[in-house]
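Read the structure below first, then the notes.
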Amino acid sequence: MKELLHYIVSKQHHKFRKTVDWNLGEEYSAKGLTPVERMTDRFERLTAAETPVILPNEKICFIRTISNIPDCFTEKEWEEIKSKHYIHELGYMSNLSPDYENIIKIGLLEARKTADEYSRRSIDAIIGLADRYKEEAEKQGRDDIVATLNRVPRYGATNLREALQFFRIIHYALWLEGNYHNTVGRFDKYMYPYFKKDMDAGVYTLDTALELIEDFFLSFNKDSDTYIGVQQGDNGQSMMLGGMDEDGNEVFNELSKLCLKASNNLLLIDPKINLRVNKNTPIEVYELGTELTKAGLGFPQYSNDDIVIAGLEKLGYEHNDAVNYTCAACWEFIVPKVGADVANIAALSYPKVIDEVIHEDFEAAETFEDFLAAVKRRIQIKCDEITENVKDLWFVPSPFMKVIMSVDDIGVGGKYNNFGVHGTGIATGADSLAAIKKYVYDQKKFTRAQLVKAVDEDFANDSDMLAVLRYEAPKMGQNDDEADKLGCALLSYFADALEGKKNCRGGIWRAGTGSAMYYLWHAAEIGASPDGRRKGEPFGTNFSCSIYAKIPGPISVISSFSKPDFSRAINGGPLTLEFHGGMFNNDDSISKVARLVKSYFDMGGHQLQLNAVNAAAMRDAQLHPENHLQLVVRIWGWSAYFVELDKEYQDHVLARQEYTV
Amino acid sequence: MITGTVFDIKEMTVHDGPGSRVTVFLKGCPLRCLWCHNPEGLSPEPQLMIKENLCEKCGLCLRGCTHNECRPFGRCLHACPKGLVTVAGIEYTPKQLAERLMKYRDFLNKVGGGITFSGGEPLLQAEFMLETLKYIKGIHIALQTSGYCESDVFKEALKRVDYVLYDIKLADTDEHIKYTGVDNRLILENYKILAESGKPFVVRTPLIPGITDTQENLSAISQIVGDNRVEIMRYNHFAPSKYKMVGLEFNLPDLPSNEVDLSVFKNAIML
């Protein structure tokens with residue numbers, strides 16, 4: 001295992017890589033092919049052009065040798081498509097959680113029986129590539145791989161090894177088809193029957209099973225440099241572990257434990273582990289999770305079944321779907337198999353709304369209540385704009401994805417077609433409101449005109465006001481009821497503004513607590529803000545404190561950030577806590593941190609992500625990147641190698657709250 | 001009315017007693033340990049702290065102001081655009097401090113933790129601490145002390161706390177005077193009182209390179225503590241930056257760490 005890990009980490013497999021220079025857009029355009037014909041043809045060509053490569057000693061094979069995927073459309077065609085449709089991000093399907101369970105059980109030939117022409121061609125193409133892998137395995141005398149590929153992906157898996165190889169082939173095919181942020185779903189739930197059968201039959205010991213899982217986990221890291229994202233690492237390979245099943249029983253099992261262990265042993269950023277917990281989850285599960293946090297990978301990310309399931313049901317999800325929720329690429333709650341939610345379609349910036357209110361409505365706002373009413377009204381206006389902006393949403397059809405999703409035609413939609421909206425800068429927004437209330441309306445320390453002038457001038461001429469707003473005003477994260485109440489108000493105005501709206505696919509709109517990359521983008525849209533944030537400074541990530549707020553510590557933070565009613569804003573987006581690595585230096589402190597995590601959920605928190613960080617290592621990595629190639633940090637919803645990030649992302653990680661003990 | 005001076009309240013401290021804790025740092029200490037990590041806790045008076053490494057010498061804090069609270073420090077505390085000028089040492093009445101700490105009660109009881117009074121030397125403000133404890137109900141209380149105080153004060157404090165973290169740094173009296181500035185006989189006497197009190201406690205010994213981490217010292221301490229539990233504290237090299245912030249100099253000689261053999265202790269762990 002060590003050799004294979006070293007092989008992947010040192011990128012030796014990149015020597016098999018080549019690129020193709022096909023101008024498919026022009027070719028397809030000249031032939032007048034429809035989008036689905038193009039996707040099918042491209043997939044056939046790519047699978048045919050792939051070279052089967054089996055790495056020394058690996059058990060789970062399939063690796064990309066062609067690193068680029070030429071676009072199916074010309075630029076001109078894209079312009080035309082965009083003039084007729086709303087195109088989400090790249091236009092290809094993303095952030096879905098396919099029905100791995102079913103396809104691994106029945107096999108591709110069974111699925112082929114009911115597939116349309118294009119899906120059949122795609123199935124045949126991937127089976128063709130699998131056959132060539134089998135020939136390569138025969139050549140290398142790898143009878144174990146031959147035996148596995150004799151069974152999958154044609155037929156359903158009969159054991160753990162086949163099931164894992166089958167998963168790998170599907171996941172590989174989804175990426176190769178051009179889909180992205182291909183998530184993993186509730187892995188320990190749908191894989192468990194195969195694991196249990198083999199364990200009961202004595203095929204594996206826990207150690208040899210762990211080795212197989214590690215081999216499988218490595219497969220997520222072989223091609224990840226070819227995956228699309230805002231930054232390297234932003235690739236959506238999120239795996240969900242634990243949580244309750246349809247009958248309320250705990251899913252967390254021996255396989256879940258092996259997954260946590262495998263991740264801890266490999267110390268790689270993929271797959272990204274999520275851990276579902278609820279009021280019945282024993283403290284031992286939190287402790288196992290904390291062991292992984294200690295490893296410094298920025299996961300597991302926790303979510304609270306008791307809040308999330310209830311919230312999804314309130315939005316109209318059926319119990320059996322809501323109870324199986326998983327995470328999209330980062331933290332958006334989605335439903336596997338049947339869900340076609342677009343959980344990251346847009347984002348609302350609270351600080352931008354407040355910026356507009358201080359410039360447009362401040363004079364007329366005699367009281368703070370008037371001011372809040374103006375905030376509410378403008379949040380509604382923004383949400384109206386966001387929702388009206390998305391019409392005739394269209395995705396490039398994916399014939400292979402269509403086979404793996406358990407709905408009629410995922411291209412048109414699924415059982416759930418809801419759209420999620422992020423909410424950026426909640427703390428900057430709440431802190432700004434708290435400062436305005438305290439100093440302008442209650443104490444009358446500053447006049448409205450003085451405040452606006454100072455904000456517009458980026459406090460260049462009023463450092464006294466800056467210092468008061470920035471360091472002395474109440475902040476979210478201090479467990480200050482006033483600031484927290486205003487944070488709750490913002491979240492509920494947001495939920496109110498989206499409630500009852502229908503989207504162009506017949507679904508609804510979901511409010512969320514995430515920010516994704518908007519914590520940088522939205523911050524760049526405005527100048528300074530009334531909380532003493534200066535021009536050019538970013539917001540906190542997701543559902544977190546402002547980065548310069550003076551925070552007493554994590555107890556205050558979780559108290560502040562557990563106050564809202566999350567069942568109304570359940571699109572996802574975690575509270576982030578960062579601890580110095582030294583916090584975890586013995587078993588005793590592991591259990592203490594585990595209890596802190598649990599207490600966030602006992603208080604009604606919805607989602608939490610915590611990091612063990614080492615600021616000194618990060619600073620050194622900026623100066624000597626070559627010495628820190630494996631240093632991992634968490635960005636907004638995914639983990640990345642620090643040295644592969646742009647500097648603005650590096651700097652933000654460094655500036656974030658760290659509770660040293 | 002008596003008041004006390006607090007230089008920090010830290011949440012979620014995991015090395016200051018059983019469970020997860022909130023630690024209150026009372027300002028002022030009679031010892032002058034060369035390796036002290038909290039130099040802002042030495043003087044009993046509120047003290048200006050300036051993070052000089054980020055200071056751009058813009059002079060805004062030196063521009064005259066009319067704030068009463070700034071007067072003692074000769075600088076405006078509210079003017080720094082980077083928040084680098086702060087005061088270590090906030091005055092509390094016992095009731096105010098208790099009110100602030102009681103907010104943590106539910107959380108601390110849930111996670112199985114409590115409040116720890118540390119410093120500085122908390123018993124330098126024993127009267128304030130004991131008065132504060134009158135208003136705190138239903139929370140586990142720990143005391144982290146150097147043990148350097150009058151024995152009747154120590155006995156009084158023992159009655160009111162649930163757990164003690166007791167420092168024994170150096171067993172030899174001359175060495176103790178040399179490196180901490182005070183005699184250790186009172187500390188060893190109070191240790192006997194603690195050991196016989198039946199109160200749960202732990203002894204703490206920091207490993208200061210070349211000073212406390214000698215095998216001779218560790219063996220002598222192990223003789224004093226016998227079967228009782230000892231936590232050996234690793235040395236933290238990050239202390240010096242705080243000295244500059246309060247205008248002090250860090251004079252600990254930079255000596256190499258000794259290889260330590262903890263087997264002389266019957267019941268020790270390394271923190």
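Chain letters run A, B, ... following the sequence lines, proteins first, then strands; residues in each count from 1. Because the structure is a prediction, the values reported are computed rather than measured. Computed over heavy atoms, backbone and side chain alike; hydrogens, waters and symmetry mates excluded.
- Using a 4.5 Å heavy-atom cut-off against chain B, no residue of residues 277-288 of chain A qualifies as contacting.
- Within a 6.0 Å radius of CD in B:E56, other residues, nucleotides and ligands contribute 12 heavy atoms or fewer.
- In this structure, the separation between CG on A:L577 and CE on B:M12 is 9.5 Å, given to the nearest 0.5 Å.
- Chain B is approached within less than 4.5 Å, heavy atom to heavy atom, by A:S463, A:D464, A:L466, A:A467 from residues 458-467 of chain A, ordered by number.
- Put simply, the side chain of A:K592 gets close to the backbone of B:G19: a donor and an acceptor are under 3.5 Å apart.
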Quiz: residues 106-118 of chain B side-chain donor-acceptor pairs under 3.5 angstrom, not counting sequence neighbours:
from   : atom 1 : to     : atom 2 : distance (Å)
B:N109 : ND2    : B:R105 : O      : 3.4
B:N109 : ND2    : B:G138 : O      : 3.0
B:T116 : OG1    : B:D16  : O      : 2.7
B:T116 : OG1    : B:R21  : NE     : 2.5
B:S118 : OG     : B:Q144 : OE1    : 3.0

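- Judged by distance alone, with hydrogens and angles left aside, the side-chain atoms of A:Y471 form a donor-acceptor pair with the main-chain N or O of B:K82 at under 3.5 Å.
- Under the 4.5 Å side-chain criterion, counting only non-hydrogen atoms from C-beta, A:S556 is in contact with B:Y104.
- In this structure, the portion of B:L60 lying under 4.5 Å from any heavy atom of chain A is its side chain and not its backbone.
- Heavy-atom distances place the side chain of B:V22, and not its backbone, under 4.5 Å from chain A.
- Residues of residues 87-100 of chain B having a heavy atom under 4.5 Å from any heavy atom of chain A, listed by number: B:R100.
- The CD1 atom of A:I551 sits 9.0 Å away from atom CD of B:E11, with the distance rounded to the nearest 0.5 Å.
- Heavy atoms of other residues, nucleotides or ligands lying less than 6.0 angstrom from NZ of B:K199 number more than 12.
- Atom NZ of A:K453 sits in a sparse spot, with 12 or fewer heavy atoms from other residues, nucleotides or ligands closer than 6.0 Å.
- If you measure heavy-atom distances from B:T86 to chain A, the contacts under 4.5 Å come from the side chain alone.
- Counting heavy-atom neighbours within 6.0 Å of A:E648 CD, excluding the residue itself, gives a total above 12.
- A:K294 NZ: more than 12 foreign heavy atoms inside a 6.0 Å radius.
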